[in-house]
Amino acid sequence: DGHAKLSGDLRIISDMSNPAPRAVMEGLAADFGALHPDLNIELDIVDREAWKTQIRNALTANAPDVINWYAANRMGPYVNAGLFEDISDMYANGDLPGLEAVKGAMTLDGKQWGVPYTYYQWGIYYREDIFNELGLEEPETFEQELANCQKIVDSGRKCYAIGTKFLWTAGGWFDYLNMRTNGFDFHMQLARGEVEWTDDRVRETFANWRKIIDMGGYIDDHQSYSWQEALKFMTDGEATAYLIGNFAVAPMRDAGLGDDQIDFYQFPMINDHPMGEDAPTDTFHIPANATNKDNARAFLQYVTSAEVQTAINSGDALGQLPVNANSSVDADEFLEQGFEMLSNNATGGVAQFFDRDFPAEMASVGMEGLQEFMVFPDNLDDILARLEDARQRIYK
Amino acid sequence: MSGLTISNVIKRYGEVQVMHGVDLDIEDGEFCVFVGPSGCGKSTLLRMIAGLEETTEGSIHIGARDVTRMDPSERGVAMVFQTYALYPHMTVKENMGFGLKMNGHPRAEIDKKVAEATRILKLEEYLSRKPAALSGGQRQRVSIGRAIVRGPEVFLFDEPLSNLDAELRVEMRVEIARLHKEIGATMIYVTHDQVEAMTLADKIVVLRAGRIEQVGAPLELYRDPDNKFVAGFIGSPAMNFLGGSVKGGKVQVPALDADLEIPVTLPEDGRAVTVGLRPEHLAVDPNGSTHIVELTEALGGVSYAYLMSTTGEKIVIEERGDIRSNEGDTVGISYDPATAMVFDGETELRIR
Amino acid sequence: MSGLTISNVIKRYGEVQVMHGVDLDIEDGEFCVFVGPSGCGKSTLLRMIAGLEETTEGSIHIGARDVTRMDPSERGVAMVFQTYALYPHMTVKENMGFGLKMNGHPRAEIDKKVAEATRILKLEEYLSRKPAALSGGQRQRVSIGRAIVRGPEVFLFDEPLSNLDAELRVEMRVEIARLHKEIGATMIYVTHDQVEAMTLADKIVVLRAGRIEQVGAPLELYRDPDNKFVAGFIGSPAMNFLGGSVKGGKVQVPALDADLEIPVTLPEDGRAVTVGLRPEHLAVDPNGSTHIVELTEALGGVSYAYLMSTTGEKIVIEERGDIRSNEGDTVGISYDPATAMVFDGETELRIR
Amino acid sequence: MFPTPIEKTSRTWQLTYQALLPVALAIWLLPLIAVATFSIKPDADFTNGNYWGLPSSFEFFTNYGKVFFESDMPRYMLNSVLITVPTVIGAVALSCMTGFALGVYKFNGNLWIFFMFIAGNFVPFQILMVPVRDLSVDLGLYDTKLGLVLFHVAFQTGFCTLFMRNFIRALPYALIEAARVEGISEWRIFFFVVMPLMKPALAALAVLIFTFIWNDYFWAVVLTQGPDAQPVTAGITSFNSQYRAAYHLMSAGSIVAALPPVAMFFLMQKHFIAGLTLGAVK
Amino acid sequence: MTDMVSPPIPPQRSRGWYKRNEIAVTPWLFLLPGILFFAVYVIIPIFQSFWISFHEWDGLGEKVWVGTGNYERLLGGDRKFEVSFWNNIKWLFLYLLAIPAGLFIALLLNQTVRGIRLYKSMFFFPFVLSQVVVGLVFSWFYLPREGLLNAILGVVGAGPVNILGDPTLATYGIIAAGLWPQTAYCMILYLTGLNAVDPEQIEAARLDGAKGWKMLWYVVLPQLRPATFIAFVVTIIGALRSFDLISVMTNGGPFGSTRVLSFYMFEESLSEFGFRMGYGAAIAVVLFFIMLFFIAYFLYSMYRDEKGAR
Ligand SMILES: Nc1ncnc2c1ncn2[C@@H]1O[C@H](COP(=O)(O)OP(=O)(O)OP(=O)(O)O)[C@@H](O)[C@H]1O
Ligand SMILES: Nc1ncnc2c1ncn2[C@@H]1O[C@H](COP(=O)(O)OP(=O)(O)OP(=O)(O)O)[C@@H](O)[C@H]1O
Ligand SMILES: [Mg+2]
Ligand SMILES: [Mg+2]
């Protein structure tokens with residue numbers, strides 16, 4: 001496009017550390033560099049888990065020009081601390097065509113603080129071949145889900161792979177169970193600290209969850225695995241399904257599962273609420289202390305452009321959904337299904353994710369409780385009391 | 001209690017043989033001192049008796065029992081080490097009682113024996129101190145006490161006084177003599193110190209390179225050594241040795257510029273011999289002119305003159321009181337030829 | 001070169017006073033030995049002269065210069081340490097030349113001085129060795145060499161031989177005497193050893209608890225001590241002290257069962273005195289019956305008898321050759337009253 | 001010594017002992033042996049569940065090649081070197097000086113300063129974390145190798161001072177007095193008399209500090225981020241997240257990360273053990 | 001002779017201030033850089049931490065003074081704190097097992113047979129490894145299904161166990177991993193200690209009839225006291241500092257059951273959901289006081305040794 005060639009430096013720190021995203025990020029930097037031969041791009045890719053603790057330092061000391069982060073509440077602390085650059089002007093003067101729809105997720109205090117570059121649906125990925133073998137259908141209600149699960153368990157398998165070592169995967173289950181049991185709005189109230197954790201409605205969510213736990217639906221020892229390590233159970237066929245984000249498709253394929261072996265369905269209905277969905281948005285931001293903000297803005301613009309969005313979110317790249325309305329969703333069965341689901345079936349609302357919607361401290365205490373519940377469901381009262389305690393302290 | 005018999009004992013460390021067949025009898029109640037130059041095997045022999053070193057060949061009997069292959073603790077010996085080897089974490093009392101405790105003796109008995117040893121060694125005041133709070137002499141006394149308490153048949157001492165200063169050494173020496181008289185046990189004692197050997201021993205064993213050179217009472221060795229080695233080793237300052245040769249029933253000694261008539265059975269004429277004269281048997285003769293006084297040292301009670309003969313041989317003279325000559329003087333030596341000893345020039349054996 | 005004058009020197013460590021006003025003159029070229037019991041302040045005094053300890057009060061002059069507040073290096077002294085204090089990472093040559101090199105002397109001068117010292121001490125062969133490859137005696141020689149190289153006015157020695165074994169000690173002692181004769185510098189020497197003190201010193205300084213007891217030539221101290229302490233300290237075995245009292249111009253000594261007529265100016269009658277008799281001035285009298293022989297020790301050339309008087313006082317007798325009596329015998333003592341010394345019973349000062 | 005020296009026991013027991021040693025060693029090092037085996041296995045062994053069997057094929061070069069050529073590990077390794085070596089030099093140099101001052105001179109407060117160093121060395125370093133991180137941020141040293149180096153130098157100075165001071169104190173004091181009598185100035189005494197004698201201690205300490213710093217993880221996490229400045233201990237965790245569940249690569253990465261101190265240990269064994277026993281504290 | 005004695009005595013010159021005070025000033029010059037560094041990076045931060053612990057602070061904005069608020073919350077029933085504290089106690093006690101274990105191995109290896117030096121080094125090996133590597137190695141060793149531990153248990157017919165996934169076992173599992181290098185450390189301390197054992201005392205004890213355990217207990221162990229003391233100190237310190245292993249092996253989980261104070265402190269201050277610097281500092285201060293107890297003990301015994309020395 002007709003932009004002036006850039007020069008100088010551009011330092012990017014990215015947390016896209018898994019192999020597929022890593023390749024995408026490296027490609028992005030390379031391509032952007034090719035457009036601007038005089039631009040000296042320095043790209044550091046850091047461990048995604050580690051980045052969550054490092055970002056604060058990165059923003060305060062020797063800040064790079066572009067960083068990765070997450071949308072919604074998760075931006076809050078940095079926005080409040082004035083560490084993110086306000087880029088409302090880019091939205092206002094049309095530098096970012098096609099992003100109008102996702103602008104909301106980037107808005108805090110009426111201003112925009114970054115750009116999204118991808119988002120993805122969550123849902124249940126399952127082994128199609130095993131479902132076929134057992135004669136199972138994609139369930140639409142929780143009862144069907146449980147019935148399916150019973151059959152799977154009876155066949156000597158587990159229903160769900162999950163790795164809760166880093167806690168957040170349990171958050172996904174809770175999000176869905178709670179949104180389905182009590183509805184999207186209730187879930188958000190809970191996130192905002194407006195509902196007690198000891199509320200009966202919360203208990204009902206847990207009661208539903210417990211049904212799966214009690215029937216032996218989850219793999220054993222999930223607290224010892226990361227989500228990647230737990231993938232193995234699905235690829236081995238020891239477990240038949242995985243409630244996870246779409247980013248898991250790439251590694252599943254890498255592990256040798258063909259598209260005829262995996263499929264996707266939306267988390268089934270429990271109570272009759274409009275369906276809410278988790279669709280976390282990953283973002284790029286410019287630190288307020290960055291030194292090459294113009295170059296950074298150019299990069300943000302580049303990343304969100306329709307073509308680039310199409311390219312990086314394609315099935316053989318990130319395998320996720322583009323944020324630009326003008327991009328096309330790759331002809332990938334999962335992306336199409338996900339796009340369809342989020343566009344038409346997420347009438348309840350779209351949530352970011354447990355650890356992005358809840359305040360950090362609450363998320364941390366909460367996910368620990370969720371993990372504990374998954375291992376020791378009998379501790380529920382104790383866990384809820386603890387969470388309620390934390391809630392009262394945290395939301396002052 | 002009982003004596004000790006060592007028969008043809010040999011010790012090898014791997015290929016190296018350090019004891020070459022030692023035979024020795026020690027009587028019940030005798031005080032036997034091992035002396036000899038450093039590395040001659042004194043400690044090794046003592047430690048073989050104790051059982052701390054294995055005996056390669058030969059046998060060791062204590063009384064009638066063959067102990068050659070027994071455990072140290074079963075031999076009925078007790079050892080006093082040069083470094084005392086007290087257990088630093090135990091009080092004096094515990095140190096002394098430790099051996100009995102290990103062997104399961106009843107408390108009352110231990111207490112009684114410790115009390116007895118304490119009395120003998122006058123350690124009453126120190127019973128509850130730890131070794132670190134004792135002086136060197138007291139420590140050595142405790143280590144002797146430890147030996148006494150076990151009531152051994154044989155006491156072994158390896159240079160027990162060499163870590164003490166001169167004064168304490170004298171004091172402890174007298175102490176050990178008294179102890180031997182009081183308890184009358186067989187004692188074997190290794191030392192470097194002439195005075196200790198001479199004053200303590202009933203019997204001195206002179207060792208050299210893993211062999212016994214001579215065994216005898218102290219004065220016997222002093223007066224009647226079997227060979228030049230023993231003669232030179234016993235006595236301080238050491239005996240003066242002068243080269244000589246036999247001629248016509250006399251011994252020609254160039255260093256003295258004299259032919260000595262010595263009452264011994266001399267070998268054939270022309271045979272090289274060594275004449276030994278003790279410093280204390282010589283005196284400076286201001287009228288002579290065979291020697292030059294290189295140095296004199298007056299210690300008050302006794303004086304030494306270091307002379308050089310015209311033939312270049314050095315002679316030490318010890319005199320009581322002062323020496324009536326100055327450094328640089330030319331003097332002679334007066335002596336009684338009867339005090340001279342003669343050794344074969346080759347075999348170094350005494351010619352009697 | 002120059003002598004040394006110490007005037008009213010006092011040393012305190014915090015509250016503790018360890019030198020109580022010492023006055024001492026040492027002549028140019030004199031060999032002065034400090035002796036005294038452990039802890040009396042010998043080392044402290046020496047180190048104050050060296051400048052390693054500060055002088056609390058009083059002054060120290062070397063020659064005409066007041067060095068009391070000077071740096072050690074400016075005083076013109078060199079010190080030889082008991083532990084040699086050689087720099088282990090330097091060769092003998094480097095050790096000796098190090099001080100000069102650090103003070104910027106030209107290479108040629110250093111080499112010349114080191115060569116000179118090497119010659120004096122016969123260290124030529126060892127110049128390129130490191131201290132670890134030397135024997136104790138050689139090390140001590142190098143440390144003396146290091147002192148020589150600096151050409152000091154005063155040499156200071158703190159027990160330089162006490163880490164050597166008996167034989168080497170004798171050898172090095174003679175070496176130091178020779179050195180003193182050769183370079184003629186003032187030397188101050190601290191020792192515990194009677195023999196070293198008696199044989200090396202021109203002048204012995206007897207210290208006791210931070211005070212000088214007596215200063216004099218060795219035999220002067222032996223023969224004419226000023227007080228009981230010096231008399232007991234100089235001479236080995238130590239002088240026998242017997243209680244007595246003055247009566248009618250004589251000294252009654254119960255332990256000897258005798259009234260001694262001693263050629264000194266005695267105090268008034270009834271005054272308690274101590275009579276001192278050196279062991280070497282006594283002999284056993286087999287016909288007497290005042291003492292019991294507790295122990296005899298025969299070393300060959302010399303013998304000791306330990307007697308107990310009927311009054312319970314112990315007496316040591318040294319005789320040449322053998323003592324003609326056995327342990328347990330009742331004997332007397334023969335002596336020449338003129339050899340006896342008399343000390344005031346209270347002040348312990350000699351009565352002359 | 002104790003128990004009975006083996007050469008004084010029966011022949012059978014001697015043989016048993018000799019045979020037992022390698023077995024005991026194998027058990028002791030089992031986890032390590034396992035990782036070493038992991039690191040030469042092909043990926044397939046893990047998918048096939050052949051975790052503990054013999055490698056089905058020998059993939060040493062593939063796996064280690066990946067570590068060296070397809071990851072940031074070499075960069076992390078270089079960082080580690082650039083952090084560790086200056087730290088060792090700095091800490092040893094500083095502590096030579098402090099050790100000399102505290103070991104040789106008597107002055108008021110000597111012992112207190114010494115104790116300050118020791119106490120500081122034993123402090124739970126978490127208590128320093130927040131202020132030190134802020135300090136680094138303020139000085140612009142956050143996420144730089146220099147920042148880590150400066151902190152490590154400072155913190156290790158506590159331990160090194162303890163070590164050096166005790167070593168210097170054990171030197172014969174007469175050496176220093178002898179030099180003083182010879183008119184050698186204090187700093188020359190330090191350089192020409194004391195320093196040469198400290199060589200063994202320097203070597204021992206250097207080896208020791210090298211391993212301590214190389215193996216540091218906590219401060220690497222607190223004071224740095226990203227492959228620009230992070231040492232290999234931190235690098236290994238991000239390497240592992242890159243290859244999560246690829247045990248063969250993770251093992252190879254861990255072994256590579258552990259290699260330098262291990263090599264150091266074997267090359268400088270004598271100094272290493274001397275260091276531990278001389279200093280005897282960490 | 002004459003030139004030997006011509007003294008190289010410098011003339012009496014007026015000396016500079018430095019020269020006159022050389023001995024008094026030099027130590028301070030030598031100490032200066034070290035003290036400076038140490039003060040800036042160690043001493044002052046300790047006091048800053050105390051200061052911070054009285055605030056609420058997210059590390060970015062203004063500190064808000066809360067007095068003893070953080071401590072009240074901490075000691076007033078913070079469950080994470082309680083868990084961490086008790087885990088620290090477990091660490092303290094169980095980590096001490098490294099001492100007897102190290103002694104045992106040292107005794108085993110204290111022989112002179114061929115190649116024993118190599119064996120000693122190999123046994124010492126784990127200590128050289130970074131805790132990160134040790135943590136990884138052990139977490140694979142403990143893997144719930146594929147781990148070697150379960151493979152071995154399987155052979156014996158026991159297991160499988162998921163050590164790191166079981167809140168009742170996880171801490172012990174990590175401690176066991178920590179014991180591995182720590183035992184090696186204690187072993188080397190004891191090996192050198194054994195070298196210094198006075199052989200004459202052993203011989204005296206043999207004459208006294210002490211054998212086997214009695215010899216060990218009454219004669220050898222007392223002589224190993226210095227080694228034991230050092231081993232004790234380093235083990236305690238290691239136990240209280242334990243961070244790397246927890247971070248690598250469980251990251252505090254499962255559900256916080258393996259937290260210790262040092263980890264909790266890090267989590268509160270710098271982790272993903274952390275940045276409660278004041279609260280973290282308060283935890284650090286508590287940890288500091290626990291450690292202070294041991295530091296004081298160590299310094300006291302050093303002080304005792306120093307007294308009487310030069
Ligand atoms: N373990 C050993 N291996 C080999 N040779 C040894 C051993 N122990 C002692 N020796 C040798 O045995 C000889 C006798 O040693 P021993 O200790 O008995 O001498 P010593 O007479 O006690 O000497 P010293 O008077 O110095 O104590 C020496 O030559 C010594 O080198
Ligand atoms: N630094 C010090 N502080 C306090 N007192 C000291 C100090 N150094 C020495 N003293 C005391 O000064 C006195 C004299 O000590 P010094 O070392 O001079 O004795 P010495 O005669 O050399 O003894 P030795 O013969 O044992 O070497 C002793 O009582 C000693 O305790
Ligand atoms: Mg010996
Ligand atoms: Mg002294």
Side-chain angles (χ1 to χ4, degrees), chain C residues 13-14 43 46-47 49-54 67 70-91 94-105 110 130-132 139 142-152 154-160 163, chain D residues 92-93 95-97 99-112 114 163-206 268 270-271 274-275 278:
Chain C
Y13 289 109
S43 300
L46 195 77
R47 291 164 57 79
I49 297 172
L52 292 173
E53 298 281 354
E54 263 186 51
V67 300
M70 279 189 192
D71 239 30
S73 58
E74 297 166 346
R75 296 186 177 206
V77 301
M79 185 146 169
V80 175
F81 293 83
Q82 177 174 356
T83 53
Y84 324 131
L86 298 181
Y87 310 121
H89 56 291
M90 302 182 197
T91 64
E94 288 164 348
N95 257 290
M96 294 206 283
F98 186 61
L100 295 183
K101 184 170 149 205
M102 285 292 115
N103 289 310
H105 289 247
I110 299 177
K130 298 229 171 129
R139 280 183 215 178
V142 174
S143 85
I144 294 173
R146 192 167 61 179
I148 294 178
V149 165
R150 299 191 52 236
V154 181
F155 283 81
L156 306 174
F157 297 84
D158 194 354
E159 310 201 23
N163 276 10
Chain D
V92 169
S95 60
C96 276
M97 289 164 60
F100 177 75
L102 295 174
V104 166
Y105 298 92
K106 259 188 305 195
F107 55 90
N108 280 338
N110 180 317
L111 210 55
W112 291 112
F114 182 49
F163 184 100
M164 282 296 181
R165 181 263 191 191
N166 284 347
F167 185 85
I168 291 176
R169 183 142 276 223
L171 294 177
Y173 191 63
L175 283 179
I176 287 150
E177 292 196 324
R180 284 199 188 138
V181 174
E182 294 203 72
I184 297 164
S185 61
E186 299 299 313
W187 66 270
R188 279 176 194 254
I189 293 179
F190 174 69
F191 275 107
F192 295 106
V193 177
V194 175
M195 283 292 280
L197 298 178
M198 289 200 295
K199 271 185 209 154
L202 291 180
L205 190 59
M268 314 280 281
K270 202 179 82 198
H271 296 305
L278 272 175

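The chains referred to below are lettered A, B, ... by the order of the sequence lines, with proteins before strands, and numbering in each begins at 1. Since we're looking at a predicted model, the values are computed, not measured.
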| request: Would you name the heavy atoms of C/M90 and D/F192 that are closest together and state the gap between them? | output: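 C/M90 and D/F192 have their closest heavy atoms at CE-O, 3.8 Å.
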Interatomic distance, [X] atom [atom1] to [Y] atom [atom2] [nearest 0.5 angstrom]:
X: D/M195; Y: C/H89; atom1: CE; atom2: NE2; value: 11.0 Å
X: C/Y87; Y: D/E182; atom1: OH; atom2: CD; value: 4.5 Å
X: C/F98; Y: D/I184; atom1: CZ; atom2: CD1; value: 4.0 Å
X: D/Y173; Y: C/L52; atom1: OH; atom2: CG; value: 8.0 Å

Please examine the side chains of C/S73 and D/V181, heavy atoms only from C-beta on, and report whether any two atoms are closer than 4.5 Å.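 They are not in side-chain contact.
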Answer with side chain, backbone, both or neither: which region of C/L156 has an atom nearer than 4.5 Å to a non-hydrogen atom of chain D?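 Contact with chain D involves no heavy atom of C/L156 at all.
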All side-chain contact (heavy atoms from CB on, under 4.5 Å) counterparts of C/N103, not counting sequence neighbours: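 Partners of C/N103 under the side-chain contact (heavy atoms from CB on, under 4.5 Å) test: C/H105.
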